[in-house]
Each structure stands twice: as structure tokens, then as C-alpha cells.
Amino acid sequence: MAYSIINGKELSQKIQEEIKEKIACLKTCPHLAVILIGDNPASQTYVKNKEKACQNIGIKSITYHLDKDIKQQELEDFIIELNNDKQINGILVQLPLPKHLETEKILSLISPLKDVDGFHPLNTGLLVKGSENAILPCTPKGIIKMLHSVKEDLSGLNAVVIGRSQIVGLPIAQLLIKENCTTTVTHSHTKDLSAITQNADILVVAIGKPDFINKEHIKKGAIVIDVGINKTDNGLKGDVDFDSAKTQASYITPVPGGVGPMTIAMLLENTYLAYLNQTTP
Ligand code: NAD
């Protein structure tokens with residue numbers, strides 16, 4: 001079966017160009033504060049990429065690199081300071097945090113209006129309610145845009161999500177329900193996974209295991225979205241064995257160049273939207 005690639009890199013660039021044009025028309029520029037704690041190399045790379053993307057489209061971004069031993073209270077005080085700073089429109093705390101810090105408490109402290117990662121419980125609640133006012137988490141928001149780039153109306157389709165993480169699996173399931181998909185969430189306790197996935201018109205895979213999903217799991221003609229980013233001796237790999245899956249899929253996302261770049265584009269969009277929301281015309 002002929003398959004097509006959903007090119008996340010191209011789509012991300014197009015979205016970034018559109019936001020750049022809109023920002024060029026503003027009187028001031030949106031401002032993102034990024035908090036990076038410690039010296040996790042992967043986190044440092046992610047933050048550098050986010051900074052670069054901000055610069056390219058006219059978002060001012062400042063990274064606060066804090067010591068790995070920072071105390072919970074100090075970090076909380078700093079976030080409150082950023083919440084109160086009217087110049088700052090978005091606050092992002094790069095995860096994972098060092099083990100001694102309480103991640104949920106920190107994320108809950110960010111002003112929901114400045115929560116450009118969409119991880120604050122208020123935004124999670126608005127997402128579950130299907131509210132248009134929710135700031136949506138970047139990766140699931142990007143996945144919906146990728147799906148819409150190849151299929152306008154998703155209603156009635158069977159969607160299967162593999163993985164139930166707070167940042168990908170659960171929110172993408174909510175968004176697919178909002179799109180009127182019949183949505184099933186599977187996870188590490190699911191029995192006979194392929195019996196479920198073989199029924200999926202849309203298959204979203206977010207488990208963190210390289211090449212875990214192959215053609216045996218995929219219905220002919222399915223749209224396959226691979227969220228996984230796994231470092232292996234053979235380079236970056238998704239959770240889907242691309243060469244096997246492409247023989248069944250109608251559309252499939254590559255790794256790299258799929259969901260990853262869309263996540264960055266959605267962070268920029270969320271920062272721009274947070275700016276508009278906080279700025280009186
Ligand atoms: P996580 O580790 O928080 O959750 C993994 C989920 O997979 C769990 O819910 C678990 O139940 C499920 N799972 C594990 N083994 C399973 C199995 N055998 N069968 C079915 N389900 C199983 O992961 P996460 O944070 O959602 O990340 C998943 C992957 O996506 C990782 O590779 C991560 O690096 C990547 N990721 C990519 C982006 C991006 O922008 N592309 C963003 C976030 C995460």
C-alpha cells in the first residue's frame with residue numbers, strides 16, 4: 001500500500017512563519033521565561049532548541065539556569081516572582097526536575113495564564129471539559145494539527161492511544177474525544193495490545209520503547225503518529241518500526257522530523273496566545 005509521510009518539520013516551519021508575521025505586527029514582543037535546573041544534557045539541548053526557535057520568530061526568551069541543588073522554597077519564590085513580572089508572558093520549567101524537587105507543586109505554582117506548557121491543573125481541567133480557554137499541552141496540540149493536515153474531519157474514526165502519560169497519552173486521548181473519535185487508551189497493563197490496535201484508524205504511540213510497534217499492530221490504511229524519541233546505538237528511533245509500519249499505514253510520521261518539531265511550534269504558538277491574552281489592545 002502506498003503511504004505518505006506527515007512531515008512535521010515542514011508543517012512546523014510553516015506555522016512558525018505564520019506566527020512570525022503576526023508577531024511582526026505587534027507593538028511589543030512576547031516574552032518567554034525558561035527555567036533550566038541542573039546540567040542534564042538532554043534538557044540543555046531541548047532548551048537551546050526552544051531558545052533558537054523563539055529568536056527566529058521574534059519571541060524574547062530568557063533562560064534562567066539554576067543550580068541543581070536549589071531548594072524547593074527558593075524555586076517556588078522565583079516562580080512567584082516571574083508570575084508577578086508583567087513583562088513575562090510565558091513560563092516554562094524544563095522537566096525532568098532533580099529528584100528532591102516536587103514537580104507537581106512547582107507546575108501548579110505557575111500562573112495558569114503563563115503556563116505555556118499546558119501542565120497546570122487548571123489547564124488540564126479545562127482540557128477535560130473541552131474548553132476553548134485551555135492552554136493545551138504542546139505535543140498533543142501538535143499531533144491534532146498533524147492529523148488535520150491530512151484529514152479535516154476525524155469524527156467517527158477509531159483512535160487508539162498507546163501510553164497514558166500526563167504529558168502525551170492522556171491529553172491526546174482527550175483531544176481525540178473532542179474530535180469525536182471513538183478513543184481507546186492502552187498502557188503497560190493492556191492485554192493483547194495488537195487486537196486493539198488493529199482496529200485503529202488513528203494510532204498514536206507514546207511509550208518510549210524503540211521500534212516497539214510494527215505492521216502486526218496496524219490496520220491497513222491507518223494514520224500512525226509516532227511520538228517516541230529514543231536514543232539508540234543506531235541513532236534516534238521512534239516507538240514505531242517505520243519500515244515495517246509503512247507497509248500498512250496510509251500516513252505515518254517519521255522520527256526525527258515528525259512530532260518533535262511540532263511540539264516546538266506549539267510552544268511558540270502558546271507563548272504568542274498567552275501574550276495576546278495578557279495584553280489589552
Ligand atoms: P512515559 O514514560 O511517561 O509513559 C509511557 C507510557 O507507555 C506509560 O503510560 C506506560 O503505561 C506505556 N507503556 C509502556 N510499555 C507499554 C507496553 N508494552 N504496552 C503499552 N503501553 C506501554 O512516556 P511519555 O513521557 O509519554 O513519552 C513517551 C515517548 O514519547 C518517549 O520516547 C518520549 O521521549 C517521547 N516524547 C516525545 C515528545 C515529542 O515532542 N516528540 C514529547 C514528549 C515525549
Side-chain angles (χ1 to χ4, degrees), residues 5-13 15-16 40-50 52-53 92-97 103-104 107 116-119 124 127 136-147 159-176 183-200 203-214 216-218 224-232 234-242 245 252-270:
I5 285 179
I6 308 179
N7 188 327
K9 200 170 169 195
E10 262 177 36
L11 194 54
S12 167
Q13 271 159 3
I15 293 168
Q16 292 188 43
N40 177 329
S43 294
Q44 284 176 341
T45 308
Y46 289 141
V47 165
K48 250 189 213 134
N49 291 342
K50 288 169 187 173
K52 206 166 130 202
L92 182 155
V93 177
Q94 182 63 44
L95 300 178
L97 294 180
T103 303
E104 283 311 315
L107 296 179
V116 287
D117 252 343
F119 294 158
T124 307
L127 162 66
L136 299 177
C138 301
T139 302
K141 186 178 182 183
I143 292 172
I144 294 293
K145 294 230 181 197
M146 294 178 103
L147 290 171
V160 174
V161 178
I162 312 184
R164 55 174 168 181
S165 70
Q166 298 283 339
I167 61 169
V168 188
L170 291 180
I172 187 60
Q174 287 294 341
L175 291 176
L176 288 165
T183 305
T184 307
V185 180
T186 64
H187 45 75
S188 52
H189 296 263
T190 299
K191 290 184 183 133
D192 201 358
L193 183 66
S194 62
I196 300 168
T197 58
Q198 275 165 8
N199 198 28
L203 183 62
V204 179
V205 190
I207 53 180
K209 294 186 175 167
D211 290 345
F212 188 80
I213 293 298
N214 58 46
E216 306 300 332
H217 297 92
I218 298 170
V224 179
I225 306 286
D226 186 356
V227 185
I229 302 179
N230 307 292
K231 271 195 183 156
T232 73
N234 299 320
L236 273 195
K237 289 265 178 199
D239 290 343
V240 176
D241 177 346
F242 185 90
I252 182 165
T253 63
V255 177
V259 175
M262 286 301 287
T263 298
I264 296 226
M266 293 304 100
L267 170 69
L268 303 176
E269 186 174 280
N270 280 353

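The shown structure was predicted, so the numbers you read here are calculated from the model rather than taken from an experiment. Residue indices begin at 1 and follow the sequence shown. In each ligand, atom 1 is the first atom listed, and ligand 1 is the first ligand listed.
Of all protein heavy atoms, the one lying nearest to atom 34 (O) of ligand 1 is I229 O, 3.4 Å. Atom 42 (C) of ligand 1 has its closest protein heavy atom at T139 OG1, 3.3 Å. Nearest non-hydrogen protein atom to atom 8 (C) of ligand 1 is R164 N, 4.0 Å. What sits closest to atom 13 (N) of ligand 1 on the protein, heavy atoms only, is I207 CG2, 3.5 Å. Protein heavy atom closest to atom 19 (N) of ligand 1, with residue, atom name and distance, is H187 O, 3.8 Å. Scanning the protein heavy atoms around atom 11 (O) of ligand 1, the nearest turns out to be S188 N, 3.1 Å. Among all non-hydrogen protein atoms, the one lying nearest atom 28 (C) of ligand 1 is A206 C, 3.6 Å. Protein heavy atom at the shortest distance from atom 24 (P) of ligand 1 is S165 OG, 3.6 Å.
Side-chain contact between I144 and I172 is present, with at least one heavy-atom pair separated by less than 4.5 Å. Using a 4.5 Å heavy-atom cutoff, the side chains of I225 and V259 are in contact. At a threshold of 4.5 Å between non-hydrogen side-chain atoms, the residues L193 and F212 count as touching. By the 4.5 Å heavy-atom criterion applied to side chains, M262 and I15 are counted as neighbours. A heavy-atom distance below 4.5 Å is found between the side chains of L107 and L95.
Every heavy atom of G169 sits 4.0 Å or more from the atoms of ligand 1. At least one heavy atom of K209 sits under 4.0 Å from some atom of ligand 1.
Shown in contact with T263 at under 4.0 Å from a heavy atom are these atoms of ligand 1, numbered in order with element: 39 (C), 40 (O). Less than 4.0 angstrom separates some heavy atom of N230 from each of these atoms of ligand 1: 32 (O). Within the listing of ligand 1, atoms 29 (C), 30 (O), 32 (O), 35 (C) sit less than 4.0 angstrom from a heavy atom of G228. Taking every non-hydrogen atom of I162 and a distance limit under 4.0 Å, the qualifying atoms of ligand 1 come out as 20 (C), 21 (N). Below 4.0 Å from some heavy atom of G260 lie the following atoms of ligand 1, by number and element: 40 (O), 41 (N). Within ligand 1, counting atoms from 1 as listed, the ones closer than 4.0 Å to a heavy atom of G163 are 6 (C), 7 (O), 9 (O), 12 (C). Against a heavy-atom cut-off of under 4.0 Å, G208 is close to the following atoms of ligand 1: 28 (C), 29 (C), 31 (C), 32 (O). Residue contact check: V168 has heavy atoms under 4.0 Å from atoms 26 (O), 43 (C), 44 (C) of ligand 1.
The closest donor-acceptor contact from the side chain of D239 to the backbone of D226 lies at 3.5 Å or more, if one exists at all. Here the side chain of D241 pairs no donor or acceptor atom with the backbone of I213 at under 3.5 angstrom. Checking side-chain atoms of N270 against main-chain N and O of D117 turns up no donor-acceptor pair under 3.5 Å. Proximity of a side-chain donor or acceptor of T184 to a complementary backbone N or O of V161 within less than 3.5 Å is not detected. At distances below 3.5 Å, not a single donor-acceptor pair connects side-chain atoms of S194 with backbone N or O atoms of E216.
Closest approach of T124 to G118, counting heavy atoms only: OG1-O, 4.4 Å. Closest heavy-atom contact between A206 and V168: CB-CG1, 3.7 Å.
Taking all heavy atoms of V227, I213, D239 into account, the minimum distance to atom 36 (N) of ligand 1 is reached by V227.
Residues meeting the side chain to side chain contact (heavy atoms under 4.5 Å, CB included) test with N40, sequence neighbours left out: A42, S43, P96.
The nearest protein heavy atom to atom 21 (N) of ligand 1 is closer than 4.0 Å.
By the criterion of a heavy-atom distance under 4.0 Å, the side chain of I167, and not its backbone, is placed next to ligand 1.
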